[in-house]
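This structure is a prediction, so every number in the text was calculated from the model and none was measured.
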Amino acid sequence: MSLKNITEDRHWQQVSVAMKRDLQEFTHEKGSSENECVLDLLQALYTEGITDATKVMMLGVLQEMSESLFTDKTSIEQAIGTLIGFYQEVTMNKGSTFLKSQILVCLTTLALTGNQLREQPGLFIDVTNLLFDVLSKVNQGADRVVREAACECLEEVENIYPGVLMYKLDHFYAMSQLENTHVRQSYVSLFTTVLKNAVRLKCKQSSLEEDEVSDLITTRKEPLKPLILPDTIPEDAFDVRASKSWENLVLPSSVSKTELRTAIVKCMDNLSLMSVPDTVRAIRDLCCICSSSDLPMEIFHDIPKNLTRSISLPCFHIQMYILNHYKIEPDASFFQDVIRNICHPALSLGHRLFCMQFCIDNSLKFSIEDEDLAVCKPVIFDSLDETLTKLLFVINLCQEGMPMKSFISYLEPLMTSVRHGAQGKWAVACFRGLFTLYMREPSDELAKTISDFIVEEAVSQHPHFAEHALNFIASVKRELPESQFPSSLLQTMTNFISTVSPEKCMENLEHFLKIFNAAAMEKSLQLKPVTNYIQVLFNTTSVLGNQNWLLGNQMIQICHNLMLHPSLPSLFTSVGEILFSLMTHHSDTNIRDVARFYYSMLIYLSEEKIKAILTSGGASSNSQNLTNLVTGTNQFPLAPAVIHLEEPVLQLKRLKKRHCYKSLTHAVNGCSFNNYLQTVESNTDLPELQLDFRLCKAIIKEQKQLNCTKLYAIVLNVASPTFYEPVEDIQVPHFDLDDSTDNESVISLTITPKEPNPAVLEASAIFTSADNCTYTCQLEPVPLNFADFFLPLPASADERLAIFNQLWDHITSECQRDGSVCAQSVMTLPFTASQLHPVIEEKLSEYITARPEVNSSCWKVGIFLPPRWHLLLKMTSTDITVVNINADNWRLLPLICDYLSRFMEDEAAST
């Protein structure tokens, strides 16, 4: 391929990608319409220098963007005619089969776009004739892929217009039996789809002859080509739905179904040769045909058994569909096949889980031998879901009366991981498995086994499992409220912790305090070991002086629960000593204050008053306080939703513009011109524009948007484009909508432009009202014009003329050099000298470096634009004004020309 062809090929690849990405943007950039884009693509398809892969991409554009590209009938007609001719040319030149297949797909898409069957039936017939012609070449090996594509295209046509191919059934039936290649599955799939729709349409007819359905299959109604359509197509011609939702479409019993049954059986013989998607689709179509024909379920007798042995999950799903559709009760052999799949290494995890869940749901309908049950034992490599599902499986299918303790060994891989301290999903699976076993058989023997493992092997060796143990206890208590096992397990863990030496306890004190806190909330436990251990901890360790705020709050929470415990009188002295140690020796001020408050209550108030105060709304264990937040015992109330206001209640009124680039001005002060250029070019401190606004009340059409007028914690957000630095949010503490004085409502918006491009900035506000509701609303956009970025030249006033002249000469010389970004331009304005003077004084007075003299009528205007660009104007006026423009960046020219053109609009508006 020549270099020219490679370049052209890449060009059309880029065009295809750009059109798919954003068609509207592509047409806008190219300045062309959708029809012109289509003509360019169609013309390029005939170019020999473009590869087939690129042409496939171009056809993909026509196919995927058909709804947007083809806006009228003529464009579709031209495209279809061109593509048919292109297909014939590719066929004559023996082009790639994939390209021909893509042409057929594109033609079908265009024929189905815009209801061409009714709008342009002749065009629709031309496309189907081409598909029929390709389809008819049975057993031709060179066109296998193309014929497969033609089958799928016709199947799509049949799905969009059910019954349109009904009278071609005999041709499809014969082809599906004659085809000997792998394409047979496509012929069979097309035949079953057309047959399904044909049967349902016949069910809707008021009267049927005895052999009318059989004749569709065995009798040639019309030739394969062309597709014969009626002159007028009724609106419900392709409606295969029942007229009423509760009705079932069934053929009358007088209609012969012999040939229909024969055709179904022959289609089923091909299922083993079909791919998974085609198999699933064909079975569903055949089930629908049998339901509409009232055929017996014996036809599908062998299908469930064959599908059960499939390693495909969709085939297993369709098997469940058949069982449910025909209300077939699976037999023992069926369940044996499903059980065999549970541990099959070739099956996906989802398939194995599906098989196990199916057996669990039908566990009462079959039994399983012990040796088969052992095959399903969880192993170390099983995932979390698979391990738990296997456990449920063996529990549900085990022999009646078998103790659950024997299934503890099934969790041995997970329990081994816990013994080694493994966290994450393995620990979660282990504790969930133990919970599952106990829920099945809450016996004392099983409870002791679980308790020994949790206390002696899990929590004692690895205290970070305390959270898992507490979750286990809470789950059992929720499911079995009358069970004593949760309290017994919690008491055992508490007693174990009280035997740990204080020095060793310090490493895992956070986990142990969580267990103590859970024990303090349990009304039936003996808590003397808890209080004694905490006192020993205070006396023998430095826990009070380590400035650990988290541990201090956990101790406060334990004291809170102890003061609510029924055995408080017996714990009075211990709790008092704990609180006294906290309030006198703890290093955190907050902890000392709370402990002092609790200690005062304990000393001066009765038990009833203490409980009343601690259980009140402001101090209950479920209230939103810092202690509960840290210790994890808080239950947050649902926050109210943020209310979006349709209309803005605030508006920004622009006051004035200020600029800030003093660092650059100081840096160039008094330096030479070359140093000036270097300093401006290397400046990293970008100039800032500060726009002052007054925050005011907006005119509201809906007066009842807000229930109050006082707004608090107002946050104003201004979205900035990529060519500006992000704009920081502006906070306003308070604003009163009823207050007419706006003394405190002046805000400043700082803009740091990377380029001086005009923009319209979206603004929004979020605030809280006096009724504690949060509101958000859009504000009027903030426009930034090109003139907002104008800054005086960064030099003192007496140096600006010299800088202007040197810049003018510099830019003029740079324009002569190749590759320079500098640019020059000239434009005219319809102003005389007398008219120009007030215009410049009004709009550009701040940037004037030289005014007209006696011998010259030239105005010199020097403008600095962030981040580092210069815009120089020489304006000379006689009968008209001639403006000479020099810029050190050519992208400024369209912006300044547009700005100067607005002078004329403003002058016309003022007159």
Side-chain angles (χ1 to χ4, degrees), residues 459 463-464 466-467 469-471 473-474 477 486-487 490-491 493-494 497-498 505-506 508-538 541 543-568 571-572 574-602 605 607 610-637:
V459 176
H464 58 261
E467 288 83 355
L470 293 177
N471 288 336
I473 292 172
K477 184 184 296 186
S487 301
L490 191 57
Q491 184 72 67
M493 287 196 296
T494 303
I497 295 173
S498 62
C505 178
M506 288 298 295
N508 303 288
L509 184 57
E510 178 183 347
H511 305 294
F512 289 160
L513 289 180
K514 288 182 179 180
I515 296 177
F516 281 165
N517 186 55
M521 291 189 289
E522 187 65 38
K523 307 302 181 184
S524 60
L525 295 189
Q526 295 294 325
L527 298 180
K528 199 67 176 176
V530 174
T531 56
N532 291 340
Y533 192 78
I534 294 177
Q535 289 178 274
V536 172
L537 204 64
F538 287 169
T541 66
V543 64
L544 294 175
N546 62 1
Q547 298 183 350
N548 192 318
W549 179 78
L550 174 62
L551 294 179
N553 274 285
Q554 286 184 293
M555 296 172 189
I556 289 292
Q557 184 64 31
I558 293 173
C559 294
H560 177 281
N561 294 325
L562 289 174
M563 292 170 70
L564 293 173
H565 201 272
S567 60
L568 178 61
L571 301 173
F572 182 86
S574 300
V575 175
E577 291 178 356
I578 293 173
L579 289 172
F580 184 81
S581 298
L582 287 172
M583 79 178 194
T584 55
H585 296 96
H586 201 279
S587 58
D588 188 89
T589 305
N590 175 259
I591 302 301
R592 292 200 302 269
D593 290 343
V594 178
R596 186 175 292 106
F597 171 66
Y598 281 6
Y599 185 79
S600 300
M601 283 195 297
L602 186 66
L605 299 180
E607 184 178 353
I610 292 175
K611 292 181 178 179
I613 293 175
L614 294 181
T615 56
S616 63
S620 68
S621 60
N622 291 330
S623 63
Q624 186 171 332
N625 58 60
L626 192 58
T627 301
N628 293 336
L629 175 64
V630 173
T631 56
T633 58
N634 203 333
Q635 297 180 0
F636 288 99

Exercise for the section: Mind listing the closest non-hydrogen atom pair of Gly576 and Tyr599 along with its distance? Expected result: O-CE1, 3.5 Å
Fill in the blank from the handout: Closest non-hydrogen contact found for Ala519 with Leu527 is O-CD2, 3.4 Å
Exercise for the section: Kindly assign one of parallel, tilted or perpendicular to the pair His511 and His464, based on the angle between their ring planes and the thresholds 30° and 60°. Expected result: perpendicular
Problem - Gln557 vs Asn553, side chain to side chain contact (heavy atoms under 4.5 Å, CB included): CA-CA, chis, key distance, verdict - result: CA-CA 6 Å; Gln557 184 64 31; Asn553 274 285; over 6 Å; no
Practice task
May I have the step-by-step check of side chain to side chain contact (heavy atoms under 4.5 Å, CB included) for Leu490 and Leu470, ending in yes or no?
Solution key: CA-CA 8 Å; Leu490 191 57; Leu470 293 177; 4.0 Å; yes
Problem - Shortest non-hydrogen contact between Tyr598 and Met563, atoms and distance - result: O-CE, 3.7 Å
Practice task
Show your reasoning for whether side chain to side chain contact (heavy atoms under 4.5 Å, CB included) applies to Leu568 and Leu602.
Solution key: CA-CA 10 Å; Leu568 178 61; Leu602 186 66; 4.3 Å; yes
Exercise for the section: Look up atom CG in Asn517 and atom NE2 in His560, then write down how far apart they are to the nearest 0.5 Å. Expected result: 10.0 Å
Practice task
Mark yes when over 12 heavy atoms from residues, nucleotides or ligands other than Gln526 sit less than 6.0 Å from its CD; otherwise mark no.
Solution key: no
Handout entry: Point-to-point distance, once rounded to the nearest 0.5 Å, from CD1 of Ile578 to CZ of Phe538
Key = 6.0 Å
Exercise for the section: Please report the C-alpha distance between Leu509 and Leu537 in whole Å, then the side-chain angles of each, then the deciding distance to 0.1 Å, and finally whether the side chain to side chain contact (heavy atoms under 4.5 Å, CB included) criterion is met. Expected result: CA-CA 10 Å; Leu509 184 57; Leu537 204 64; 3.5 Å; yes
Problem - Distance (rounded to the nearest 0.5 Å) between Arg596 CZ and Leu582 CG - result: 11.0 Å
Exercise for the section: Report the relative orientation of the aromatic rings in Phe516 and Tyr533; use parallel for angles under 30°, tilted for 30 to 60°, perpendicular for over 60°. Expected result: perpendicular
Practice task
Would you name the heavy atoms of Lys528 and Ser574 that are closest together and state the gap between them?
Solution key: NZ-OG, 3.3 Å
Handout entry: Gap separating the CG atom of Leu614 from the CG atom of Leu564, nearest 0.5 angstrom
Key = 5.0 Å
Problem - Contact summary for Leu525 and His565, nearest pair of heavy atoms - result: O-CE1, 3.8 Å
Exercise for the section: For residues Pro566 and Glu607, report the shortest heavy-atom separation together with the two atoms involved. Expected result: O-OE2, 4.2 Å
Exercise for the section: Any chance you could measure Ile556, atom CD1, to Met583, atom CE, to the nearest 0.5 Å? Expected result: 11.0 Å
Handout entry: Rounded distance (nearest 0.5 Å) linking atom CD1 of Ile591 with atom CD of Gln554
Key = 10.0 Å
